[in-house]
Amino acid sequence: MRLTNYFLPISKEVPTDAQIVSHQLMLRSGMIKQSASGIYSWLPLGLKVLQRVEKVVHEEQQKAGHLPMLMPTIQPAELWRESGRYEDYGKEMLRITDRHEREMLYGPTNEELITDIFRSFIKSYKELPKTLYHIQWKFRDEVRPRFGIMRGREFLMKDGYSFDIDRPMAINAYNRHLVSYLKTYERLGLQAIPMRADTGPIGGDYSHEFLVLAKTGESKVFYDGASQHIKLGNEYVDYEDVGGLQRTVDRFTENYARTEETHDLSLFNQLPEERQVEARGIEVGQIFYFGTKYSEAMDATVTLADGSKKLVEMGSHGIGVSRLVGALIEAHHDEDGIVWPKAVTPFHVAIVNLKQGDTEIDKVCEQIYTGITAAGLDPLYDDREERAGAKFATMDLIGIPLRVTVGPRGIREGMIEVRCRSTRTVKELPINSVVDYCIEEFRGFE
RNA sequence: CGGGCUAUGGCGCAGUUUGGUAGCGCGUUCGUCUGGGGGACGAAAGGUCGUGAGUUCGAAUCUCGCUAGCCCGACCA
């Protein structure tokens, strides 16, 4: 993409309305624009990041055997009456009346819809297990939206629903989600710690929230310092291996890690003092096994081998996709702007032309642009008539991992400067090896 | 939903106390110089002062209503 053809409304000034760094940087870098309290437009740059996050989420869900689909944002009130939640949900639910005076709502979540789909089509135990998911916009009419995209009223969420024949199978589905979530966050360049979450009136141990540590996080968290170093890394995950999955889950959940709601001081104090960590975190996902709550209310059953009917065991599992974009910035920025992890960066390589209009330099820029594009990477070429400082500041602000600087100084020697955004280290490379260097840097991330 | 605050060119703000020609910085446009970290100089465009009513010879400024947004708290992914 050439910057002169792009839409990138950046700003030098820090917007007064933004309190936290991710919100400030998203506004300054032209990723989003507020349209009403807690409701945002995603401008081209923001959308690119959002889509990259979405892509990783999709890939990891499908590796775990979960099936993508898409449910609507607008739902009929009827289904919610059936589950009893139409009354329970309160003012957080945005209620709408259509022209036929039919009561509708903008979905805050999708248990009712998916259960209705399930019961319409799945009748036999032979068709289980199934996990269906979608990535769709939700609306919760928060009393007080804040922190930009991190706590908006409208948000993009991946929500998956598992259907199983019995409790052990449902727990396996739970484990599949837990591990696939860990994979997802790691790929995105985030470390998220699974923490035991409140299961509400249903009880049981089967809900975890995933927290990304950040000073600005909304939740207070307490955990065993040992948890912080557990990683999957390149470890292969076999989602068919029930026992192996359980062992992985145990490894990640055996240490003490809880949010304020479930915090147990006496347990926490049993840890050696140096491992008692108290911090703040951003909630980026939650998994929940809740048994037959909805299948019972909405009569979702399958026929067993002996002809009897059985209520299906369900779980719902969510990842806050739009919120992740904010969390990523909270975790990856410096005083000059955003520092995108390679997996989600909106552009891979920034090409900065320091002497627009110089035949030789324009030519070299074009050559690198073409080479990078041909390799399947996404370059952003600053071909504006701007001074060097402005161009550098722009690329730093929007956080492109690699910056290729083409100017008279280097060209005289046949050399080009490539700078890494995160380490700020600079390499001088011969012109013809720049493209290969960039490709190599992104191996495994594209 | 309780408490507090704000609304003035695209953005950030001053002006409101004490009513009297609407101002600054950034950005934008044009020109000249410049050219490896948001450059300099010169010129220009751009505002029904959130909105409705009232007080007044006269309202950005005073009074009342409404709307929108923000902050703290309770709540939430």
Side-chain angles (χ1 to χ4, degrees), chain A residues 9-20 23-24 27-28 30 33-39 89-93 107-110 136-159 181 192 195 197-198 200 207-212 217-219 259-261 281-288 316-327 335-337 352-358 361 382 384-398 403-413 415-417 419 424 426 428:
Chain A
I10 57 169
S11 146
K12 234 190 287 192
E13 314 227 13
V14 180
T16 38
D17 281 357
Q19 306 298 311
I20 62 170
H23 190 193
Q24 294 171 350
L27 291 169
R28 286 192 52 210
K33 167 156 176 25
Q34 178 168 323
S35 106
S37 177
I39 301 176
Y89 224 93
K91 286 193 157 186
E92 284 222 322
M93 187 153 74
T109 177
N110 287 64
Q136 177 62 292
W137 292 93
K138 309 278 187 294
F139 194 92
R140 291 183 194 170
D141 199 359
E142 295 277 344
V143 208
R144 194 184 157 209
R146 65 186 110 167
F147 305 144
I149 228 63
M150 296 266 277
R151 190 167 159 194
R153 290 191 289 176
E154 190 181 44
F155 55 98
L156 187 63
M157 179 170 157
K158 171 260 153 187
D159 42 330
Y181 280 26
M195 303 202 175
D198 198 1
S207 184
H208 280 88
E209 293 179 335
F210 293 78
L211 278 292
V212 169
E218 279 202 277
S219 320
T259 60
E260 219 167 356
E261 295 80 52
I282 301 164
E283 200 196 312
V284 292
Q286 179 162 18
I287 53 177
F288 202 157
S316 30
H317 318 277
I319 292 181
V321 176
S322 49
R323 170 178 278 199
L324 268 171
V325 176
E335 60 277 15
D336 294 324
V352 172
N353 184 331
L354 288 186
K355 198 171 181 191
Q356 204 63 43
D358 179 296
I361 292 172
D382 192 343
R384 293 174 302 169
E385 191 61 58
E386 276 292 344
R387 301 184 49 103
K391 294 192 173 192
F392 293 152
T394 299
M395 291 306 188
D396 284 347
L397 175 63
I398 67 175
R403 187 186 78 203
V404 173
T405 308
V406 187
R409 214 164 68 188
I411 289 296
R412 242 179 280 128
E413 322 290 325
M415 300 296 274
I416 283 176
E417 176 191 298
R419 180 176 179 266
R424 296 163 181 249
V426 169
E428 295 285 341

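Just the heavy atoms: all of them, side chains too, but no hydrogens, waters or symmetry mates, feed the values below. Reminder, nothing fancy here: chain letters follow the sequence lines and each chain counts from 1.
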Phosphate-side-chain proximity, A/T16 and B/rC13, N/O vs OP1/OP2 below 4.0 Å: yes
Among B/rC76, B/rC1, B/rG36, the one nearest A/K91 by side-chain distance: B/rC1
Phosphate OP1/OP2 of B/rG27 contacted by A/S11 side-chain N/O (<4.0 Å): no
Closest listed nucleotide, where the reference is the side chain of A/E218 and the choices are B/rC75, B/rG37, B/rC26: B/rC75
Phosphate OP1/OP2 of B/rG36: any A/K355 side-chain N/O under 4.0 Å: no
Residues which pass side-chain hydrogen bond (donor to acceptor under 3.5 Å, both in side chains) with A/R387, listed by chain and number, not counting sequence neighbours: none
Closest listed nucleotide, where the reference is the side chain of A/R146 and the choices are B/rG36, B/rA74, B/rG35: B/rA74
Touch class at under 4.0 angstrom, heavy-atom based, for A/G318 against every strand present: nothing
Residue whose closest nucleotide on RNA chain B lies nearer the 5' end, A/P15 versus A/E142: A/P15
Over all atoms of both residues, closest heavy-atom pair of A/K158 and A/H317: NZ-O, 3.3 Å
Touch class at under 4.0 angstrom, heavy-atom based, for A/Q356 against every strand present: nothing
Sugar-phosphate, base or nothing in reach of A/G90, heavy atoms under 4.0 Å: nothing
Side-chain N or O of A/K391 closer than 4.0 Å to phosphate OP1/OP2 of B/rG36: no
Any A/Q34 side-chain N or O less than 4.0 Å from OP1/OP2 of B/rC70: yes
B/rG73 versus B/rA14 - spacing of their C1' atoms, nearest Å: 32 Å
Proximal nucleotide (of B/rG37, B/rA74, B/rC70) relative to the A/D17 side chain: B/rC70
Sugar-phosphate, base or nothing in reach of A/A393, heavy atoms under 4.0 Å: base
Are any protein N/O atoms closer than 3.5 Å to N/O atoms in nucleotides 2-7 of chain B? If there are, list each pair with its distance.
none

